[in-house]
Each structure stands twice: as structure tokens, then as C-alpha cells.
*Asks:* 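Mind looking over this structure? Questions follow.
Each residue takes its place number in the sequence, starting with 1. Below, all heavy atoms of this structure are taken into account, side chains as well, without hydrogens, waters or symmetry copies.
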Amino acid sequence: MFRICFKTIHCGNGWRWRWRRRWLFAFAALLLPFFATAEPTSSTDKPLETKADQLDFNNDTKRIVAKGNVVVTYGKTRLTADKVSVDNITKDAYADGHVHIFSNGKAEWHGDQIQYNFVTGAVNSGPARAYSDRYYLEAGHTESKSRDHYILRDSEFTTSEYPHPSWKWKCGSVVYYPDEKIIFRNAVLYAGDVPVFYFPYFHYDLDEISIGADVAIGQRSDWGPFILARYRVREDKYLWPILKLDWRARRGVGGGVDLDYGLGYNEDGKPGRLGHGKVETYYTYDDLYKDKPLVQIPRPDGPGTYPVTIRPERYHLRLEQRFDPFDEVETKLKVNKISDPKLLEDFFEKELQKDQYPDSFFEVQKYDENFTINAVVRPQVNRFFTTTERLPDLSLNVPQQPIGAGFFYDSETSAALLSKRFFQNSGLQDFNSARIDTFHQITYPMKSFDWLNVIPRAGARATFYTHSQPEGAPKDTSLVRGVYNTGVEFSTKIHQTWPGVQNHALQIDGLRHIFEPSINYAWIPSPNHGPGELLQFDPGVPSSIQDKLRPIDFPQDVGVDSLGLRNVFRPMLRNRWQTKRSGEPYNFLDTVIYQDLNVEGNNDRVLSNLFWGIDFMPTTWLRLSYDSQYNYYQNIIRESNVSLVYQYFKDWEFGISHRFLHGEDTNEIWPSFKWRLNEDWAFRTEQRVNSGDGRLRESVYAIDRDLSSWIVSASFRYLDPTASPRDYQFWIIWTLKEFPEATAQYSP
């Protein structure tokens with residue numbers, strides 16, 4: 001894929017390019033001291049202090065004429081020039097020759113001829129230049145009658161100190177309203193002497209500023225040549241629209257509008273009770289599916305495919321809303337409506353990576369220090385995704401509360417109307433039931449022998465269903481499932497300190513070893529109705545043997561419908577070795593190992609997978625991380641992840657990582673290397689290789705060049721995914737050094 005991207009100043013992640021608040025605040029901070037250089041007072045009684053090689057004072061006109069090395073001081077404002085004529089009553093000054101105006105010793109405005117009023121801050125000048133710290137501004141003419149607003153004509157703005165800057169903004173006019181807004185007219189962004197982008201007009205509120213344009217041009221195997229355009233402008237304090245218009249040679253034209261909005265903010269700038277939200281819309285008429293609407297796609301519940309009708313009218317609607325009407329009350333609304341199950345894969349790849357099955361729900365929560373009330377409504381918005389509908393689901397949660405004599409009580413109670421809706425054309429039968437579930441538990445934390453923490457617990461759960469599954473199919477048969485849980489957790493912490501241990505090479509300043517063994521035991525007797533008799537709305541973690549360990553405590557185990565016999569021990573050993581670095585405790589070695597011992601339960605394996613992890617930092621420039629799980633019965637490493645990062649020299653860094661997942665096509669090595677050749681050049685590369693067949697899956701090479709005000713990065717990326725065609729990408733990225741978050745990108 002080839003990509004070209006133009007924008008005003010900022011190009012961040014995704015399509016939503018915008019000016020950042022920090023950038024415009026810096027610009028506003030630049031302009032203010034340039035013009036508002038007198039103290040904020042309307043009094044003309046404050047004296048002017050004037051020094052020069054030659055001074056003449058006219059007692060009748062009260063005018064001072066100074067020549068040669070002139071310095072005029074008024075409060076914190078200082079003006080220097082070759083010649084100055086100043087009215088001692090009105091404080092109007094006419095300066096000529098090498099004029100400089102300073103404010104608080106930081107900002108400077110200079111030119112050949114400037115008319116300036118020390119009281120009002122009014123200014124009128126010919127060609128002049130201003131700079132403050134890193135920012136430079138030139139104007140052919142500047143005028144103002146007060147500090148309320150300033151007009152700059154034929155102006156240029158840049159961060160480069162050189163006579164011929166590598167980048168700049170050229171504007172027909174700039175109008176600055178302090179603490180309110182900045183208006184730009186006829187603004188052109190230049191890279192050197194080459195114009196890059198033009199805006200006839202835009203303006204910003206100074207508290208929140210956002211505007212940007214993006215055009216992507218390229219080629220993809222499934223789209224053909226394409227052009228994607230985004231334009232974002234903010235005309236209101238609470239409204240941020242983004243306009244989208246796309247053309248794809250093989251797919252047609254598409255577009256939409258995104259709208260971020262706020263319904264009111266507090267004085268600190270945070271969303272108020274009315275909340276905030278966003279609406280995203282997109283529509284396209286897809287030429288690819290005009291003549292072949294019926295396609296086969298992979299089943300979401302296992303191997304194989306199933307038929308789906310995809311019409312050329314394809315769309316995406318997303319709505320998110322946060323609303324907090326009262327103290328300690330939160331409401332959340334999320335709606336994701338898409339036309340078909342392949343839409344995200346075809347047009348919104350980043351969203352697909354974040355959430356393959358986007359959810360839709362409405363939730364209200366009431367918080368209290370003693371309880372939480374929660375109400376959820378979750379319908380099946382997209383018929384082609386399997387959904388457990390909750391219409392509604394009400395719950396009351398009571399966290400651990402002391403009830404006297406050292407005992408603690410916690411509980412969860414819920415009532416819900418549930419429906420399991422399978423994806424369209426799945427061949428599976430939907431089912432539904434009303435369910436009332438209540439769980440109550442007592443714990444008694446105590447310490448034995450002054451070193452052993454013991455927390456016994458006992459609880460009971462009752463769950464009522466209006467429908468059940470006594471013979472493998474949903475029936476109109478109600479039942480009450482009762483289940484008890486008991487358990488106890490033992491833990492302790494043992495440590496030893498050696499303050500005199502020193503090793504400069506390993507950055508050891510004292511040594512402490514902390515050993516934390518623990519064992520958690522749970523016994524759940526067989527309930528009166530097992531999981532096979534219940535409709536599975538919330539099955540929880542399906543297995544305690546592979547990949548994940550099921551939570552051993554209630555109410556952490558959310559698999560309400562799959563609770564059954566469990567008699568399990570979970571031992572865990574954690575070791576930490578600490579030293580002091582920069583005067584603070586530092587874990588330079590941290591290890592953990594744990595697994596489940598299933599005495600009896602719903603599986604035929606006594607031992608779960610063995611899990612362990614290591615995090616080792618012997619020095620600040622070397623780090624090793626490793627985590628893995630081992631299956632005893634198959635004698636295999638089920639999963640393994642390891643990474644090593646070495647950065648002894650400040651100019652280069654080497655890293656390598658490996659990920660392995662047994663039974664899947666995941667056995668990859670990721671070497672990476674970064675090298676700063678000198679002050680101007682840097683190189684970096686990253687590879688991803690399948691160590692099983694030696695196939696190069698991904699390769700990235702990049703060169704960074706420091707160009708005074710800019711850092712230019714050129715990168716090449718090669719992708720060879722398993723299920724899609726090979727992809728070649730080339731990027732050139734410009735990053736403004738004074739604003740690292742402000743970037744422009746170009747890909748031929």
C-alpha cells in the first residue's frame with residue numbers, strides 16, 4: 001500500500017488529524033508578549049525612564065527626543081533604538097533604526113520603524129520580526145489600537161532561526177484576540193520554498209483548538225488505486241466534525257461524517273453532568289458485491305464456513321455517549337451497527353484489530369461506599385454476531401463489609417431476562433430464560449503465629465431459571481440450582497536484607513530478598529443441577545487446564561451457568577530480589593510460578609498447565625523477560641514469550657523477542673536494532689521471521705535525518721501475511737522538532 005498524507009500541522013494516529021492545544025497555546029504565548037509589552041494599567045502617571053547619547057526635552061509639548069543608543073523603560077517594558085521620540089504624557093513613542101521591544105527580558109519585537117504606546121500596547125509598524133525562545137514571526141505590517149486584538153499582514157511563522165527556514169507558515173493576515181481566538185486568512189504551509197497546503201480561512205478558540213486535513217493516495221490489492229480524504233474543523237467549543245470522502249477504483253465511492261461533541265464542561269475543563277460523546281457514520285456502494293452478494297465466510301464458533309448475503313449498500317454507524325446526571329451515578333451508551341460481518345475487515349482494519357465483535361449496550365451505575373447498583377440493557381444489534389441479550393440485567397453488589405467479631409460479608413444479587421441469539425445461518429437454536437441469581441459469602445481474615453495470613457471463606461449461591469435444558473434442548477421447565485463454596489487462602493512474606501552488599505558493575509546498592517509463598521484452596525460440592533441441565537448464557541472460562549486458569553474465588557468466577565464440582569489447590573511461589581537505584585527500592589529480579597492441583601472436578605487431569613514468569617534487570621541497560629506454560633500430559637511447551645533488550649551505549653540499542661504458541665501458526669522471532677550514527681543521522685530496523693519455516697513475515701527499515709527544525713524519517717515496510725497478499729509500503733515522515741507531536745507524512 002502506498003500512502004500520501006497532507007495536513008495543516010498535526011498528523012496523529014488514525015484519520016482524526018488535529019491541531020493540539022499545546023501548539024496553539026505556545027503560539028498564543030508567543031504573540032502576547034510581542035504586543036502586550038506594557039504593564040496592564042491605564043494610568044499615564046507612571047514615569048518613563050530614558051537614556052541616550054543625546055537627549056532633548058521640550059517642556060511645552062512634553063516630548064522627549066533621544067538619539068544614539070536609546071533605552072526607554074516603562075515598568076517591565078524596555079525599548080531600544082537608534083532614535084526615539086516619545087510623548088511623556090500619552091506615552092506614544094516613535095522609534096527608528098534597530099528598534100527592539102523587550103517584555104520581562106524574554107520576548108523581543110524588532111524592526112526599522114515602530115510606533116508604540118507603552119500604556120495601551122497599541123502598535124503600528126512596517127516590516128518587523130518578533131521572536132520568543134524557539135518561535136519566530138515576521139510581518140510586513142502590524143497594527144492595533146489596544147491589547148484587545150492585533151492584526152498582522154503578510155506574516156510568516158516558523159521555529160527555524162535561519163534566514164531561509166526549512167518550513168514556515170505564510171499568511172495573508174493573522175488576527176489575534178488575546179485569550180479568545182486566532183484567525184488565519186490565506187494561510188499556506190511551506191516546506192522550504194515549496195508550498196504544501198493552502199487554507200483560505202480558519203480560526204481557533206484558544207482553550208481547545210483542532211483543525212486538519214488528510215489525503216491518502218495509494219494502491220491495495222483489494223481496493224485498487226484509492227484516494228481517502230478527511231477534513232476536520234472546529235467552529236464551536238463543544239463540536240468537532242470530521243468530513244470523510246473516499247474513492248476506491250474497485251469498490252466505488254464512500255464517505256460519512258464523524259462528530260465528537262460535548263454537552264457542557266465544568267470550570268476545570270472536564271465533562272459536566274450533561275456528558276460527552278461521539279457519532280461516526282460511513283456509507284459506500286460497493287461495486288465488488290453488485291453481482292455476487294452470497295459469499296462464504298469463516299464461522300466465528302469454530303472451523304468451517306457459512307453463507308452470508310452481502311449487499312453493495314454497506315454502512316457503519318457508531319454512537320457513544322457518557323452522561324452523569326447525579327453524583328455517583330454514571331450512564332454509558334454504546335451502539336455499533338454494521339451492514340455485514342465483512343465490513344470491518346474490508347474497510348476498517350484498525351477497528352477490527354481492537355474489537356472483532358463490537359458490542360452495543362446501555363448501562364447505568366450507582367456507586368456508594370457500601371454497595372453498587374448496576375442496570376444493563378444489551379440487545380443483539382447485529383444479527384450476524386452471537387449475542388447474549390440482557391433485556392435488562394439488574395444487579396446489586398455489596399463489597400466486603402465488616403459485620404463484627406472480625407467477620408466480613410460480601411454479596412452479589414442479579415435479576416435478568418436473557419436470550420442467547422446465535423449468528424445468522426448458524427444452524428443453532430436460540431434460547432431464552434429469566435434468571436435470578438444471588439450469592440452471599442462470609443470471610444474471616446486472621447494472622448497465625450504472627451507471620452501466616454489465613455483467610456477462610458464460605459458462601460452459598462442460588463440461581464432460579466424459568467427455562468432449562470434437562471434433555472439437551474431448551475425446555476419450558478423452571479428450576480433452582482443451589483451451590484455452595486468453601487475455601488481458605490494461606491500466604492506469608494519472608495524477607496532478608498544485606499545492606500552492605502555493593503557491586504558497581506551490576507548497580508547493586510544493598511540487597512533484599514522477599515519470598516512470598518501462598519496457596520489457595522477451593523471446594524465446590526456438586527450442585528443439585530449440573531451445567532448440562534442449565535442454559536449457558538455466562539459459561540465463563542471453558543477450561544482450567546490450558547491457556548487460562550479459571551478464577552478460584554467467588555465472585556471473581558463469572559461463569560454463573562457452568563459452576564460444578566471443584567476440589568482444587570492453587571499453590572504460588574513469588575521471589576523478588578531488590579536493591580536501591582537512585583535511592584529507591586528496585587526489583588531487579590522478579591519470578592513467579594503457579595498451577596492448579598485438581599483433586600476432583602469436571603476434567604480428567606489432576607495437574608493444570610504449569611505457569612511461570614521471570615523479569616530480570618541486572619542493570620539499567622539490560623532487561624530479560626520470559627513467561628511460559630507447560631503441559632505435563634502432552635509433554636509440550638504450550639506457550640512461550642521471551643524478550644531481551646540491550647542498551648549499554650546511548651547511541652544504539654539491540655532487542656530480540658520470540659513468541660511460540662503450540663498448535664497454531666505462531667513461532668516467530670523479532671530482532672530489532674536502533675543506531676544513532678551521529679547528531680544528524682539515525683538508523684533502525686525490525687524483522688519478524690517464522691522460525692519454523694524460515695519465512696520472513698515482516699521487515700522494516702528506517703533512516704532518520706535531523707534537518708534543524710525538522711526530523712525527516714524514511715522507512716520501508718514489507719509484509720507477507722499468511723492469509724492475504726504481500727504488501728509493500730514506503731513512508732517519509734516529517735516531524736517538527738519544536739512540536740514532536742506535530743507531523744506531516746508523505747508516501748509516493
*Asks:* List the atom of Asp355, the atom of Leu344, and the distance in Å for their closest heavy-atom pair.
*Replies:* O-CD1, 4.2 Å

*Asks:* Hey, are the side chains of Ile227 and Asp246 touching, using non-hydrogen atoms and a 4.5 Å cut-off?
*Replies:* no

*Asks:* Check whether any side-chain heavy atom of Lys332 sits under 4.5 Å from a side-chain heavy atom of Phe361, and report yes or no.
*Replies:* yes

*Asks:* How about Tyr367 and Gln365: does a side-chain donor come under 3.5 Å of a side-chain acceptor?
*Replies:* yes

*Asks:* Taking all heavy atoms of Pro379 and all of Thr387, pick out the closest pair and write down the distance.
*Replies:* O-CG2, 3.9 Å

*Asks:* Could I get the full list of salt bridge (Lys or Arg N to Asp or Glu O under 4.0 Å) partners for Glu686, not counting sequence neighbours?
*Replies:* none

*Asks:* Please list, chain by chain and in numerical order, all residues satisfying ring-ring contact (aromatic ring centres under 6.0 Å, His included) with Tyr289, sequence neighbours excluded.
*Replies:* none

*Asks:* Taking all heavy atoms of Asn382 and all of Ile338, pick out the closest pair and write down the distance.
*Replies:* OD1-N, 3.0 Å

*Asks:* Looking only at non-hydrogen atoms, find the nearest pair between Pro358 and Gln356 and report the distance.
*Replies:* CD-O, 3.5 Å

*Asks:* Going by atom types only, do Tyr718 and Gln687 share a side-chain donor-acceptor pair under 3.5 Å?
*Replies:* no

*Asks:* Go through the steps for Tyr306 and Ile297 under the test side chain to side chain contact (heavy atoms under 4.5 Å, CB included), then give the verdict.
*Replies:* CA-CA 6 Å; Tyr306 73 103; Ile297 66 172; 3.4 Å; yes

*Asks:* Quick check against the 3.5 Å criterion: does Thr388 have a side-chain atom that pairs as donor or acceptor with the backbone of Lys420?
*Replies:* no

*Asks:* Check the pair Val257, Leu243 against side chain to side chain contact (heavy atoms under 4.5 Å, CB included), reporting the backbone distance first and the verdict last.
*Replies:* CA-CA 5 Å; Val257 178; Leu243 308 180; 4.0 Å; yes

*Asks:* Kindly write out the residues that satisfy ring-ring contact (aromatic ring centres under 6.0 Å, His included) with Phe384, not counting sequence neighbours, or none if the list is empty.
*Replies:* none

*Asks:* Just wondering, do Tyr315 and Glu313 contact through their side chains at under 4.5 Å, heavy atoms?
*Replies:* no

*Asks:* Using modelled atom types only, decide if a donor and an acceptor are shared between the side chain of Arg299 and the backbone of Ser426 within a distance under 3.5 Å.
*Replies:* yes

*Asks:* Going by the rule ring-ring contact (aromatic ring centres under 6.0 Å, His included), which residues pair with Phe348 if we only count those two or more places apart in sequence or in a different chain?
*Replies:* Tyr282, His316

*Asks:* Contact between Ser433 and Phe537 at the side-chain level, heavy atoms closer than 4.5 Å - yes or no?
*Replies:* yes

*Asks:* Would you confirm whether Asp704, through its side chain, and Ala682, through its main-chain N or O, come within 3.5 Å as a donor-acceptor pair?
*Replies:* no

*Asks:* To the nearest 0.5 Å, tell me how far His276 NE2 sits from Asp260 CG.
*Replies:* 10.0 Å

*Asks:* Using 30° and 60° as the class limits, which term best fits the ring planes of Phe385 and Tyr357: parallel, tilted or perpendicular?
*Replies:* perpendicular

*Asks:* Restricting to side-chain hydrogen bond (donor to acceptor under 3.5 Å, both in side chains), what partner residues turn up for Arg318, sequence neighbours left out?
*Replies:* Asn336, Glu351

*Asks:* To the nearest 0.5 Å, what is the distance between CG on Leu294 and OG1 on Thr309?
*Replies:* 5.0 Å

*Asks:* For Lys366, check salt bridge (Lys or Arg N to Asp or Glu O under 4.0 Å) against everything at least two apart and list the hits.
*Replies:* Glu328

*Asks:* Looking at side-chain heavy atoms only, is the closest gap between Gln424 and Val308 below 4.5 Å?
*Replies:* no

*Asks:* Applying salt bridge (Lys or Arg N to Asp or Glu O under 4.0 Å), can you list everything that pairs with Asp538, at least two apart in sequence or on another chain?
*Replies:* Arg390, Arg435

*Asks:* In Å and rounded to the nearest 0.5 Å, what is the OG1 to CD1 distance from Thr281 to Ile242?
*Replies:* 10.5 Å

*Asks:* Look up atom OG1 in Thr685 and atom NZ in Lys674, then write down how far apart they are to the nearest 0.5 Å.
*Replies:* 11.5 Å

*Asks:* Which residues pass the side-chain hydrogen bond (donor to acceptor under 3.5 Å, both in side chains) test with Arg659, not counting sequence neighbours?
*Replies:* Glu639, Asn641

*Asks:* Please identify each residue that fulfils side-chain hydrogen bond (donor to acceptor under 3.5 Å, both in side chains) with Asp340, with sequence neighbours left out.
*Replies:* Arg314

*Asks:* Just by modelled atom types, is the Phe422 backbone N or O under 3.5 Å from a matching donor or acceptor in the Arg383 side chain?
*Replies:* yes

*Asks:* Given the rule in the side chain to side chain contact (heavy atoms under 4.5 Å, CB included) test, do Asp720 and Leu696 qualify, once you have shown the distances and angles that lead to the verdict?
*Replies:* CA-CA 7 Å; Asp720 187 10; Leu696 180 64; over 6 Å; no

*Asks:* Under 6.0 Å from the CD atom of Gln296, do we count more than 12 heavy atoms belonging to anything else shown?
*Replies:* yes

*Asks:* With sequence neighbours excluded, what pairs up with Thr331 under the side-chain hydrogen bond (donor to acceptor under 3.5 Å, both in side chains) test?
*Replies:* none

*Asks:* Are any side-chain N or O atoms of Ser155 and backbone N or O atoms of Glu138, one a donor and one an acceptor, separated by less than 3.5 Å?
*Replies:* no

*Asks:* Kindly write out the residues that satisfy ring-ring contact (aromatic ring centres under 6.0 Å, His included) with Tyr285, not counting sequence neighbours, or none if the list is empty.
*Replies:* none

*Asks:* Closest approach of Ser419 and Asn432, non-hydrogen atoms and distance?
*Replies:* OG-CB, 3.3 Å

*Asks:* Can you tell me how far apart CZ (Arg688) and OG (Ser657) are? Round to the nearest 0.5 Å.
*Replies:* 10.5 Å

*Asks:* For a side chain to side chain contact (heavy atoms under 4.5 Å, CB included) check, start with the C-alpha distance between Lys342 and Ile310, then their side-chain angles and the critical distance, and finish with the verdict.
*Replies:* CA-CA 8 Å; Lys342 280 183 63 64; Ile310 298 181; 3.6 Å; yes

*Asks:* Give a yes or no answer on whether the side chain of Trp223 reaches the backbone of Trp247 with a donor-acceptor pair at less than 3.5 Å.
*Replies:* no

*Asks:* Do Lys244 side-chain atoms and Asp258 backbone N/O form a donor-acceptor pair below 3.5 Å?
*Replies:* no

*Asks:* Under the salt bridge (Lys or Arg N to Asp or Glu O under 4.0 Å) rule, collect the residues that match up with Arg421, sequence neighbours excluded.
*Replies:* Glu389, Asp430

*Asks:* Are Lys334 and Asp359 close enough, and set up right, to give a salt bridge (charged side-chain N to carboxylate O under 4.0 Å, His left out), and what steps lead you there?
*Replies:* CA-CA 7 Å; Lys334 181 181 287 188; Asp359 198 7; over 6 Å; no

*Asks:* Just how far is it from atom CZ of Phe423 to atom OG1 of Thr386, taken to the nearest 0.5 Å?
*Replies:* 5.5 Å

*Asks:* Specify the closest pair of heavy atoms between Lys278 and Tyr261, including all atoms of both residues, with the distance to one decimal.
*Replies:* N-CE2, 3.6 Å

